[in-house]
Chemist: 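The structure's right below; bear with me while I get my questions together.
FYI, side chains are in, hydrogens and waters are out, and symmetry mates aren't considered; it's all heavy atoms of this structure. Order of listing sets the numbers, starting from 1, for every ligand and every atom in it.
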Amino acid sequence: MVETVVLPGREALSEDRLDPAIDLPGEIERLRRDRKAVILAHYYQDGEIQDLADFVGDSLDLSRKAAATDAEVIVFCGVRFMGEVAKIVSPGKTVLIPDAEAGCSLEESCRPEAFRRFREEHPDHLAVSYINCSAEVKALSDVIVTSSNAEAILAQLPTDRPVLFAPDRHLGGYLAKKTGRAMTLWPGSCIIHEQFSERELVKLRTRHPRALVAAHPECPEGILRHADHVGSTRAILDYVLESPAKEFIIATEPHIIHQMEKAAPDKTFIAAVGMDGSCDCARCPFMAKNTLEKIYLCLVNNAPRIELPEDLRRAALKPLQRMLDMSVSVNVPANAS
Ligand code: 13P
């Protein structure tokens with residue numbers, strides 16, 4: 001794998017040397033202004049990070065935002081592949097990530113060498129890859145999709161070409177069913193969405209008979225079959241805000257409930273749970289690596305910083321740009337300009 005993160009140097013300020021009395025939000029604000037930085041955050045980030053960000057969104061909205069920003073520095077509060085996407089679409093910007101260890105189980109499940117062999121074994125197939133993969137896997141793909149544009153993009157691909165879908169088998173299975181397309185799936189999954197228990201979901205529904213279920217398509221089929229709505233994080237947020245219902249069970253990483261409670265304080269949001277009956281296992285340990293301290297430190301240290309070899313960046317840009325071009329019909333949220 002190509003290393004895409006430049007770590008802080010030896011002289012860099014470290015967390016253990018931080019003044020415990022520091023006003024972190026105030027200092028981050030000062031650095032954001034001084035460095036002409038924009039802070040982008042995924043809905044799976046802790047509430048305090050979402051509140052501090054200039055823009056909070058799903059993977060597609062964040063990619064669009066990273067491509068369109070005129071800031072000089074992008075601080076990407078999400079996981080590493082999202083920072084890579086920002087660098088691929090905005091090579092002239094400095095892209096900082098608070099924690100270099102913020103990975104993704106889907107990305108990990110799909111090593112570039114193995115993916116290359118997968119492609120070679122299916123030479124007549126189009127390779128459609130979920131954005132949750134490395135820059136190298138992107139570079140080996142024909143087009144990238146997110147959970148919000150995958151259906152719209154599949155509908156634009158020639159129907160006589162079979163599709164390879166990587167790396168999320170649950171999203172791929174959901175799309176194959178929805179579109180009726182034959183798809184060969186890479187056997188990856190998200191450790192978070194994989195944990196939800198169908199039995200516990202049925203129990204929750206019995207206890208909350210009026211609640212509607214909104215689920216992310218990374219969930220296994222056993223969860224999706226109970227869903228009143230399946231969509232990306234932003235689509236789930238839009239759904240609960242637009243629905244006249246008052247109670248919802250949310251089957252995705254529970255930090256998105258922060259935005260729901262802010263926008264609809266009169267509604268009740270219940271996090272779907274795992275086998276143990278708690279939603280703790282649904283908290284993404286990778287997303288949780290980012291903290292206010294680390295956002296401050298990455299701005300001070302100018303690292304961890306995403307840097308990609310130019311040939312890899314260009315190769316990964318092709319299928320990503322195709323995605324952006326093929327998603328124009330997928331709506332842009334009002335606050336994404
Ligand atoms: P969306 O942001 O497209 O909903 O996907 C969630 C996700 O997989 C984050 O890693």
Chemist: Can we say R117 and E120 salt-bridge, meaning some charged N sits less than 4.0 Å from an Asp/Glu carboxylate O?
Modeler: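 No, no charged N to carboxylate O under 4.0 Å.
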Chemist: Tell me, do M287 and H255 make a side-chain contact under 4.5 Å, heavy atoms counted?
Modeler: no
Chemist: Pair H208, E247 - check side-chain hydrogen bond (donor to acceptor under 3.5 Å, both in side chains), show working.
Modeler: CA-CA 8 Å; H208 302 274; E247 219 178 353; 2.8 Å; yes
Chemist: With a 4.5 Å cut-off on side-chain heavy atoms, are L106 and E218 touching?
Modeler: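 Counting from C-beta outward, E218 and L106 do come under 4.5 Å.
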Chemist: Between the main-chain N or O of T69 and the side-chain N or O of K93, is there a donor-acceptor pair closer than 3.5 Å?
Modeler: yes
Chemist: Collect the protein residues that have a non-hydrogen atom under 4.0 Å from ligand 1 and hand them over in chain and number order.
Modeler: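 Heavy-atom contacts below 4.0 Å: H42, Y44, D58, S59, M82, Y130, N132, S147, H216, E218, S232, T233.
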Chemist: Under the ring pair (Phe, Tyr, Trp, His ring centres under 6.0 Å) rule, collect the residues that match up with H125, sequence neighbours excluded.
Modeler: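 Result, ring pair (Phe, Tyr, Trp, His ring centres under 6.0 Å) vs H125: H122.
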